[in-house]
Structure formats: structure tokens, C-alpha cells
Enquirer: 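Okay, here's the structure, questions in a sec.
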Amino acid sequence: MADDPQTPPSDLSNARIADLFDELGDLYELDGAVVHRVMAYRNGAKAMRDAPRSIAALTRAGTVTELPGIGKTLAEKLEALLTTGEIPALTKLRAKIPDGLRMITRLPGLGPKRAKRLHAELGIDGPEALRAAIADQRIRALSGFGPKSEEKLLAALDAAGDDLSGPKRELLSKALPIAEQLVAELRDRGAAVGVHRVEIAGSARRQADSVHDLDLIATADDAEGLVEIFASSELIDDVHRRGTNGASANTHTGLSVDLRVVAPDQFGNLLQHFTGSKAHNVAIREAAVKRGLHVSEYGILDDATGETERFATEEEVYARLGLPWIPPELRENRGELQLERVPKLIELEDLRGDLHMHTTASDGRGSIRDMVDAARALGHEYIAITDHSASHGFGDHVTPDQLRATIEEVRRLNDELDDFTVLAGSEVNILTDGSLDYDDELLAELDWVVASVHTAFGSDPTGRIIAACEHPSVDVIAHPTGRLIEKRTAYDLDVDAMIEAAARTGTFLEINGSPRRRDLHDVHARQAKDAGVLLVIDSDAHGPETQENVRWGIATARRAWLGPDDVANTRPWPALRKLRKGGR
DNA sequence: GCCGTTTTCGGCCCGACTGTTTTCAGTCG
């Protein structure tokens, strides 16, 4: 019964728990805690967010302190959170420190120390009070503040509007093509100023889900000339900072771009530094210090010689630190610095087929033939046509009779095609009782069955997905968590239980390539691989051109440390077919 | 608060920029 007080509450997700510990770090910082204590909370939050297993389960098992960065105190707070639903220290701090104060530290130029003084000395508790104090010129009366401070804070408040919820991030699919065009332009037009190298750095190079800006690193004989070419690009809207060795600008899409031009002998150091992530770089530097080496964007200082060594390539930087070159997608401090050899990661060319796409039969924009032509252009050997099923709604549903007609159409088409296979499939809805919306006989006729939750997210998604895994005809669970990047969090899903069910039943789990989904995400996909589950990378294309979205699925797979063998559709269809449940 | 081929105490990555300051704290990436 839902109202039975004995019913245990469903576990908090790792992301939700990590948010609470990040908040604790912020509030301790505003409370004046020493910076290392604050960092301990943030490191702990990152460890929780990156953990492949349920933090709640690890806490109950008493093994959560095995995660690096989580010690006795954080474990006690986790236990309190899971048993009582709250962390006493957080409750106390929230009462003491207004939420508005935490919000205004997100204004550029205003950190915790100065925000704390504004609160203590002027009673400022949020954006409105800050704006009023600036209007009355009360800020400049404080020591360490002046008219410039007021001016900048006002500009920052105006720029932020009413939204201080944090910086907006752009989907990788929006940002990366712009970065690639800029790089191509700088390489091309840069020939006139002796350009040597131009590379994308930052989170875009790491193929993260989203980015907050773009970083470009270059070398050229005439650095200022390259900056001029950058500033005059048609992709650039306005340049807000320009120097002889770099510039900061905005694209017309509102994305911020930094270009840095360095000497060739430092290119490796700078590219490594600006590729990040922060956690990766911090870990590298801490390890280096123990060996008497100090790493910065300019070089590696060796205590033994007092010399700073510069490197033209990243390979040399990593080699000097005793490490193999680490692919950017792995640079998140999730174990990559302990590697003696880097695992072989999957590449776009490894995919032989795409097993999730839609046509005009449901909500797609192309015919089956259009989708075949697009897949061939991408070098694929097979596709599955998986239109939405009988209960899809929006007038786009496919009745059982229509599906039978599609199966026949696919069979006929296969007779005409050489060296290409079309599979008759469906993306069936997992209904609220865990059943599917075609009968079992019809499902058994299909070559490929994708099952997904599209409705009633609040209605036991875990139980429904496990039931779908146990269905003999279901091959793969699509976009398993339902998240939409920068838009919607995952539904309340027990990922551990889903992965266990997938492993037990031989069901594949999808990495959906839609750039807004990339679902499973990297941490969960890596967890699935470690549990022995095979992943499938699909485009979920709704038109011929969006089959290229498998690119984003590959990006996520690489961030999940997957190799070609971990992904089912790197195999030819006859080999993949044998891996289906029951070897059908 | 975490952690240990220096350690259970005493450290904890690096450098640039800014605005306010006579030498630097705070902020940022």
C-alpha cells in the first residue's frame, strides 16, 4: 500500500545524492570552512555521481568508503540521509545560510568569501538585495570593494536576468560542429600566416554530453595574424577580448569560444591542460608532485634539475609522467591514470548496423527505402525498421495489421537488395503493467524487437523494464533511463536492478544516439559492460539524415570505456542474430 | 574531510587576472 508507513521509500539516485553533497560543500564554504574541507565534499559528490553502483546500496552494505574520496564522515551523512531522509548538517546550514546567498555566488567575480561579507556586513541575502545595495552605493563603502565592484556586479546581475540557476550548457551536437568548422577555417585561411596546428580542447574534445564553451588551441608563425582570422570568421558574432596570443568571442549561437595561440614547443602542454577535465588534471598534478614534478599549462618543472620541460605533443607530456597517452574521452579521473595500457575503444567505423529507426509508418520522415539508402551511405550492412507500436498515439501508431504489412514489405525488399539486410522490427511500448502492446505471436514474427517506456514515467519503470527483459521476444531496452540532457532528469529507475535483469535474461541495453538522450549514459554503460551486458548503439533516427546520430552514441560508448566487442552491432547480422535471446 | 613508498598528523595542483591595494586576497579556469 502506498500509504503504509513501513513501505521503504525508493532509493535516491546517485545524481540526487551528489547534488546534496555539492550543496553541503557550497554551504560549508559560505559558512567559512577551510577550503580543503569544502573540496572534500565536492570530491565526494563527484565520486558519488561517477559511481557505477547505487550509492544507497553501497551505503547499506557498509562498503561506500571504498570509493576514493568518501571517508567515515561522509559515510555517516549518507547513512543518516538514507535512514531519516535528511542530513542534519545540511538542514542546519540551510537554516543558517539563505539560498539566495548561494545563488549570487554564481555571478562571475563574486565568490564565497566576498558573498559572505556582503551578507554579514550589509545583510544581503540574494539577487534582489544585492541589486538594491548597488543602487544605494552601499557596496563601495566596504573595504576591498569599490565602484568597479558595483559596476561589475550590476552588469553580471543584468546578464543573468532572473535565472541564477547556473550556466546554461549547450548540447555537444550543437557545439561540436561549430568547433569543427572553426578549426577547418583556421587551418585553411591560417595557411597565409604560417599555421601549424589547430585543435579542439575542453569538454568538446572529451565528447561530454554538453559544453559551456569551446576551447581552441593553435600554433602559428604569426599568432596575431591567426587571431585576426579567428575574429573575422563569419561564425563569430562579437569579440570581447583580443590579445596578441588569443581571443575570446561569442558565436552567433551565443556560444563562448576561446582561442589560444602558443609556441610549437608548448603545444602539447597547453592542449593537455585545456582538454581537462579538472578532476583529471588535479589527479595528474597530485601524482606528479610525489615524484618531484610540477605540471602546468606551460611545462613540467622538475625539482631535481630546476628546469621546466616543454613538449610539442601530448604523447610526450604523458610519457614524461610515466603514463600512456590517454584518449580525451577517458580523462575524467575514473581510473584512467592507473592504466598501464589503454584499452581499445570503439570507433564509428566499427558499427555494421543500426537497429532503431522510424519511417513515415509512424513519426519518421522517410520511407524504408530512404532509410536503406542513408544507411548504405554510412557504410552499414543492415538496419532494423522499428516504428512505434499500437498504443503510440499522436495518430502515429501502427496497428497489428499495418505491422504485418510492413513485415511483408521488408521481406520483399530484401529479395531485391544485394549485400544489405533490412530487419522487420518494432519499438514497442512497455505498458504500465509491464506487458507489451502487440500480442506474443506477432512479436515472435519480428526480426528485432526494441522495448521502451514512453508513458507513465512515475508508474514503476523498474518493474516494467525488468518484465520486458524477461519477455522472450524483446531484444533490447531503448533509451533505458528516459533522461533528456539539460532538459529532463531520468525517471526513478533502479539501474542496478535493470542491469542485473538484462544480464540474467540476455537482453541488450541501448546507447541511444539521439544527442539529447545519449542514454544509457557513460557511467551506466560502463557498469552494464562490467556486468556482462552487451550494448547496442542506435541512431533512433526519425529521418534519413539523422542516422548520423550514431556518432553521439559512439562518443558515449568511448566515455564508457567500451571496445568493439562490447557492442553487439559491431558484428555482422548473422553473428548478432545468434547472440539474441535463445540464439534465435 | 580525506589520506598514507615521507605520514594516523599535516599536508592537500597551478597560474593569470582583477580590483583593491602598498604587497595581496579572492576569483577563475
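Proteins get letters first, then strands, A, B, ... in listed order; numbering begins at 1 in each.
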Enquirer: Between Leu142(A) (CG) and dA25(B) (C1'), how many Å, whole number?
Expert: 15 Å
Enquirer: Between dG19(B), dC13(B), dC2(B), which nucleotide has the shortest distance from any of its atoms to the side chain of Lys148(A)?
Expert: dG19(B)
Enquirer: Given the P atoms of dT21(B) and dG15(B), what is the spacing between them in whole Å?
Expert: 28 Å
Enquirer: Can you confirm whether the side chains of Asn281(A) and Gln272(A) place a donor and an acceptor under 3.5 Å from each other?
Expert: yes
Enquirer: Under the 6.0 Å and 45° cation-pi test, does Arg114(A) pair with Phe145(A)?
Expert: yes
Enquirer: Select base, sugar-phosphate, or nothing to describe what Val289(A) touches, counting heavy atoms under 4.0 Å on all strands.
Expert: sugar-phosphate
Enquirer: Could you label the plane-to-plane angle of the Tyr318(A) and His280(A) rings as parallel, tilted or perpendicular, counting under 30° as parallel and over 60° as perpendicular?
Expert: tilted
Enquirer: Determine the interatomic distance between C1' on dT20(B) and the same-named atom on dG26(B); round to the nearest Å.
Expert: 11 Å
Enquirer: What's the closest nucleotide to the Ser296(A) side chain, out of dC13(B), dG15(B), dG26(B)?
Expert: dG15(B)
Enquirer: Measure the distance from NE2 on His240(A) to P on dC17(B) and round it to the nearest whole Å.
Expert: 16 Å
Enquirer: Both conditions, 6.0 Å and 45 degrees, for the charged tip of Arg37(A) above the ring of Tyr28(A): are they met here?
Expert: yes
Enquirer: Charged N to carboxylate O below 4.0 Å: is that the case for Lys113(A) and Glu29(A)?
Expert: no
Enquirer: Respond yes when some side-chain nitrogen or oxygen of Lys152(A) is under 4.0 Å from OP1 or OP2 of dG19(B), and no when none is.
Expert: yes
Enquirer: Do Arg559(A) and Glu332(A) sit within salt-bridge range, that is, some charged N less than 4.0 Å from a carboxylate O?
Expert: yes
Enquirer: Given dC14(B), dG1(B), dT27(B), which nucleotide is nearest the side-chain atoms of Arg285(A)?
Expert: dC14(B)
Enquirer: Could you verify whether a donor N or O on one side chain and an acceptor N or O on the other, from Glu316(A) and Thr313(A), lie under 3.5 Å apart?
Expert: yes
Enquirer: One thing to verify: whether Arg140(A) and Glu150(A) come together as a salt bridge, which I'm taking to mean a side-chain N less than 4.0 angstrom from a carboxylate O.
Expert: yes
Enquirer: Mapping Pro108(A) and Phe145(A) to their closest nucleotides on DNA chain B, which lands nearer the 5' end?
Expert: Phe145(A)
Enquirer: Arg291(A) has an atom CZ; how far is it from atom P of dT5(B), in whole Å?
Expert: 15 Å
Enquirer: Expected output is a numbered-order residue list: members of residues 38-49 of chain A with a heavy atom under 4.0 Å from any atom of DNA chain B. What is it?
Expert: Ala40(A), Tyr41(A)
Enquirer: Which ones in residues 86-98 of chain A lie close to DNA chain B, meaning a heavy atom under 4.0 Å from one of its atoms?
Expert: none
Enquirer: Atom CG of Leu27(A) and atom P of dG1(B): how far apart are they, to the nearest Å?
Expert: 14 Å
Enquirer: Between Tyr298(A) (OH) and dC13(B) (P), how many Å, whole number?
Expert: 19 Å
Enquirer: Quote, to the nearest angstrom, the P distance that separates dC3(B) from dC13(B).
Expert: 14 Å
Enquirer: Atom CD1 of Ile70(A) and atom P of dG1(B): how far apart are they, to the nearest Å?
Expert: 14 Å
Enquirer: For DNA chain B, find the residues of residues 259-274 of chain A with a heavy-atom distance under 4.0 Å and give them by number; none if there aren't any.
Expert: none
Enquirer: Both distances below 3.5 Å, Watson-Crick or wobble geometry, any strand: find the nucleotide opposite dT8(B).
Expert: none
Enquirer: What integer distance in Å separates Lys290(A):NZ from dC12(B):C1'?
Expert: 9 Å
Enquirer: Would you kindly say whether Ser248(A) and Asp258(A) are connected by a side-chain donor-acceptor distance under 3.5 Å?
Expert: yes
Enquirer: With distance as the sole criterion, is a donor-acceptor pair present between the side chains of Arg518(A) and Thr556(A) under 3.5 Å?
Expert: yes
Enquirer: 5'-most contact on DNA chain B: Gly109(A) or Lys72(A), nearest heavy atom basis?
Expert: Lys72(A)
Enquirer: Is the phosphate of dT20(B) approached by Ser149(A) (side-chain N or O, under 4.0 Å from OP1 or OP2)?
Expert: yes
Enquirer: Using a distance-only test with no angle check, is there a side-chain donor-acceptor pair under 3.5 angstrom linking His196(A) and Asp221(A)?
Expert: yes
Enquirer: Does the side chain of His294(A) get closer than 4.0 angstrom to OP1 or OP2 of dC14(B) through an N or O atom?
Expert: yes
Enquirer: Is it true that the side chains of Thr219(A) and Arg197(A) contain a donor and an acceptor less than 3.5 Å apart?
Expert: no
Enquirer: Decide, yes or no, whether a salt bridge links Glu180(A) with Arg551(A) under the criterion of side-chain N to carboxylate O below 4.0 Å.
Expert: yes
Enquirer: For dT23(B) and dC28(B), measure between their P atoms and round to the nearest Å.
Expert: 25 Å
Enquirer: Starting at atom NZ of Lys113(A), determine the distance to atom P of dC24(B), rounded to an integer number of angstrom.
Expert: 16 Å
Enquirer: Think Ser143(A) has a side-chain N or O under 4.0 angstrom from the OP1 or OP2 of dT20(B)?
Expert: no
Enquirer: Remember a base hit wins even if backbone is also touched, and classify Ile284(A) as base, sugar-phosphate or nothing at under 4.0 Å, heavy atoms.
Expert: nothing
Enquirer: If I pick the P atom on dC12(B) and the same atom on dT6(B), what distance separates them, to the nearest angstrom?
Expert: 14 Å
Enquirer: Testing Lys46(A), Arg49(A), Arg102(A) one by one against Asp22(A) for a salt bridge (Lys or Arg N to Asp or Glu O under 4.0 Å), which residue passes?
Expert: Arg49(A)
Enquirer: Leu107(A) near the nucleic acid: base, sugar-phosphate alone, or nothing, with a heavy-atom cut-off under 4.0 Å?
Expert: sugar-phosphate
Enquirer: Given dT20(B), dG1(B), dT27(B), which nucleotide is nearest the side-chain atoms of Pro112(A)?
Expert: dT27(B)
